[in-house]
Amino acid sequence: PNRWRVKENITQSLQSLQDRFMELSQAQELTTAQLEERNHLAKQLEEEKLKLLGQTSSLSETLESIQSAKDKLNEEKKKAEELLFKEAEAKRRIEEEKTVQVMAVREKEELIKLVEQEKAEKERAYLKEKKQRVATEKRLRLAEDSLKRVDKALKDSGIKLDLQIETDVKNLKQFFEEIVEEVRLDAETANHERGAHGTRSVLPQVGGDIRRSG
């Protein structure tokens, strides 16, 4: 009986060892499978990592390219804004110069208008004065002629005149002659002054100013 019991115990121990071996084998297979799976997963992760690194590098290059293009656009925008500012400044200066020239032309037109008005007024005054001088000269000549006819008539009549009367007649004749000569000289002087110092000396200067301003 003891042998049978020992044999049975040994058999049970062997069976237990066999079962334990099977369990360990199964555990080893499972562990090996898990390890292979993890190695495969690790390989996949490494491939994904390399792929992501490649994509990251590409994205970095793309971002650098985008940033470069953005910087270039900003530079072109800055240049365009500067150009627009310069054009606006040039346009503003042109408008200011145009305004100044327009004002200068208007002022000169007003000056010409005033000069023309002054010229017309002087012309009217001159014509009026000339008319008055001609009329005065005509009346003086008529009076002088009348006095000459009286003097001739008295001489032709043979009447002996008083010395004082002859002197008076002679003085009147001389007076009328002097008055007529003074009127003639005044007319010549007025014509000379009108030609030398009249409005004609002003107008060319105004015209020259306008040509210089243009």
Side-chain angles (χ1 to χ4, degrees), residues 19-131 188-214:
D19 293 338
R20 180 62 180 164
F21 179 77
M22 291 296 296
E23 289 177 359
L24 290 174
S25 296
Q26 292 176 357
Q28 184 181 9
E29 291 177 358
L30 179 61
T31 301
T32 300
Q34 290 177 348
L35 181 60
E36 290 178 355
E37 182 178 358
R38 289 180 181 179
N39 287 333
H40 181 69
L41 181 60
K43 185 178 180 181
Q44 288 181 342
L45 290 175
E46 185 66 23
E47 291 176 354
E48 289 292 331
K49 178 182 177 182
L50 294 174
K51 185 177 179 180
L52 288 174
L53 287 174
Q55 292 177 351
T56 302
S57 177
S58 177
L59 288 174
S60 297
E61 292 176 357
T62 303
L63 287 174
E64 290 178 359
S65 177
I66 291 173
Q67 185 63 40
S68 177
K70 184 179 178 181
D71 293 340
K72 186 177 180 180
L73 286 175
N74 287 332
E75 187 67 23
E76 291 177 354
K77 179 182 177 183
K78 184 179 179 181
K79 291 181 179 179
E81 289 175 349
E82 291 176 353
L83 181 60
L84 287 175
F85 178 77
K86 290 180 180 178
E87 290 178 351
E89 283 295 311
K91 183 178 179 181
R92 182 184 62 80
R93 287 195 297 269
I94 291 173
E95 289 296 330
E96 288 179 353
E97 292 175 0
K98 182 179 177 182
T99 301
V100 171
Q101 290 180 359
V102 169
M103 292 178 63
V105 170
R106 287 179 179 174
E107 289 177 357
K108 287 164 185 175
E109 287 177 349
E110 289 294 327
L111 178 60
I112 292 174
K113 185 178 179 181
L114 291 174
V115 170
E116 291 292 340
Q117 289 176 353
E118 182 181 358
K119 179 182 177 181
E121 290 175 0
K122 287 184 178 180
E123 187 70 22
R124 286 193 295 269
Y126 168 76
L127 292 176
K128 182 178 179 181
E129 183 181 354
K130 181 180 179 181
K131 185 177 180 180
E188 290 181 357
T189 301
N191 287 332
H192 177 72
E193 291 179 351
R194 180 171 175 268
H197 304 290
T199 56
R200 286 180 296 176
S201 63
V202 178
L203 288 176
Q205 178 181 357
V206 175
D209 292 339
I210 293 176
R211 287 191 294 271
R212 285 193 295 274
S213 66

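Since this is a predicted model, take the numbers as computed values, not measurements.
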When rounded to the nearest 0.5 angstrom, what distance separates [atom1] in [X] from [atom2] in [Y]?
{"X": "Gln26", "Y": "Phe21", "atom1": "CD", "atom2": "CZ", "result": "11.0 Å"}
{"X": "Leu24", "Y": "Gln28", "atom1": "CG", "atom2": "CD", "result": "8.5 Å"}
{"X": "Lys108", "Y": "Gln101", "atom1": "NZ", "atom2": "CD", "result": "9.0 Å"}
{"X": "Leu127", "Y": "Glu123", "atom1": "CG", "atom2": "CD", "result": "4.5 Å"}
{"X": "Glu29", "Y": "Met22", "atom1": "CD", "atom2": "CE", "result": "8.0 Å"}
{"X": "Ile94", "Y": "Lys91", "atom1": "CD1", "atom2": "NZ", "result": "9.5 Å"}

Report all side-chain donor-acceptor pairs from residues 37-48 shorter than 3.5 Å, counting only partners two or more places apart or in another chain.
residue : atom : partner : partner atom : Å
Asn39   : ND2  : Leu35   : O            : 3.2
His40   : NE2  : Gln44   : NE2          : 2.8

Side-chain polar contacts of residues 65-72 - donor-acceptor pairs under 3.5 angstrom, sequence neighbours left out - could you list them?
residue : atom : partner : partner atom : Å
Gln67   : NE2  : Asp71   : OD1          : 3.0

Check residues 77-90 and write down every donor-acceptor pair under 3.5 Å in which the side-chain atom is one partner and the other belongs to a residue at least two apart or another chain.
residue : atom : partner : partner atom : Å
Glu89   : OE1  : Arg92   : NH2          : 2.8

Side-chain touch Glu76/Leu73, heavy atoms, less than 4.5 angstrom: yes
Do Arg106 and Val102 have side chains that get closer than 4.5 Å, going by heavy atoms? yes
Knowing that exactly one of Gln117, Glu116, Glu118 qualifies, which makes a side-chain contact (heavy atoms from CB on, under 4.5 Å) with Leu114? Gln117
